[in-house]
Amino acid sequence: AQTVTQSQPEMSVQEAETVTLSCTYDTSENNYYLFWYKQPPSRQMILVIRQEAYKQQNATENRFSVNFQKAAKSFSLKISDSQLGDTAMYFCAFLGGSQGNLIFGKGTKLSVKP
Amino acid sequence: DSGVTQTPKHLITATGQRVTLRCSPRSGDLSVYWYQQSLDQGLQFLIQYYNGEERAKGNILERFSAQQFPDLHSELNLSSLELGDSALYFCASSVDWGYEQYFGPGTRLTVT
């Protein structure tokens with residue numbers, strides 16, 4: 001069974017600085033996808049970024065980028081130039097195997113301080 | 001706005017009752033997923049439908065059921081409600097497997 005682990009329950013960063021959130025996963029699948037979702041205090045789940053396992057190039061979306069290490073089964077999220085609006089829970093999620101559902105980690109609560 | 005709509009936003013009901021949560025997927029999306037988010041269990045997958053057919057089941061209780069209609073909207077039925085069923089219930093939709101899943105705003109269910 002696939003598992004997703006986020007080892008940092010809480011993190012904080014100063015506004016305009018860079019922060020990296022960690023995620024590791026376990027799977028025997030070769031074809032899968034990884035995602036980061038953001039959940040602000042409004043509780044809406046917002047897709048941040050997506051990575052296909054078959055792609056070596058790390059995904060980037062504006063200030064958000066990932067460091068995907070397939071052999072190490074690691075998928076970290078880097079947020080550059082942190083903004084107050086980045087304050088949220090961040091969930092790492094895995095999609096693979098025969099089922100189409102996402103498997104989520106327990107989340108990292110990120111606080112951006114002014 | 002993800003394009004996925006869910007109603008109602010909030011629901012307060014008593015133990016033993018039955019409720020129905022409704023979801024409309026994004027235009028063009030054929031897959032609908034239901035997830036439950038609670039404090040102790042985190043985000044848990046309940047069930048998936050694809051173009052009207054059940055495709056996968058997760059940790060869904062027998063008291064819970066769902067369906068997807070020909071117009072692709074989906075309903076999640078929760079019956080014989082217990083205090084522990086209090087949670088945020090999300091619906092998500094995607095084009096198909098491997099594509100991004102976009103989440104609705106959720107329905108907050110409180111069972112008293």
Connected via hydrophobic side-chain network under 4.5 Å: [X] and [Y]:
X: B/Val19; Y: B/Ile60; answer: yes
X: B/Trp34; Y: B/Leu72; answer: no
X: A/Met11; Y: A/Trp36; answer: yes
X: B/Val111; Y: B/Ile12; answer: no
X: B/Leu88; Y: B/Val4; answer: yes

Report, in residue-number order, which members of [range] are under 4.5 Å from chain B by heavy-atom distance.
range: residues 39-57 of chain A; answer: A/Gln39, A/Arg43, A/Gln44, A/Met45, A/Leu47, A/Arg50
range: residues 102-114 of chain A; answer: A/Leu102, A/Phe104
range: residues 70-93 of chain A; answer: A/Phe91

Sort [X] into side chain, backbone, both or neither according to what part of it lies under 4.5 angstrom from a heavy atom of chain A.
X: B/Gln101; answer: both
X: B/Leu43; answer: both
X: B/Gln37; answer: side chain

Can you sort out the partners of B/Phe103 under ring pair (Phe, Tyr, Trp, His ring centres under 6.0 Å), two or more places apart, ordered by chain and number?
A/Tyr37, B/Tyr35, B/Phe90
Taken to the nearest 0.5 Å, the spacing of B/Glu100 CD from A/Leu95 CG works out to 10.0 Å
Check whether more than 12 heavy atoms from other residues, nucleotides or ligands sit under 6.0 Å from atom CG of A/Asn30, and answer yes or no.
no
Neighbour count above 12 (heavy atom, 6.0 Å) for A/Phe64 CZ
yes
Residue from B/Ser2, B/Gly106, B/Ser94, B/Gly104 scoring the most non-hydrogen pairs under 4.5 Å with chain A is B/Gly104
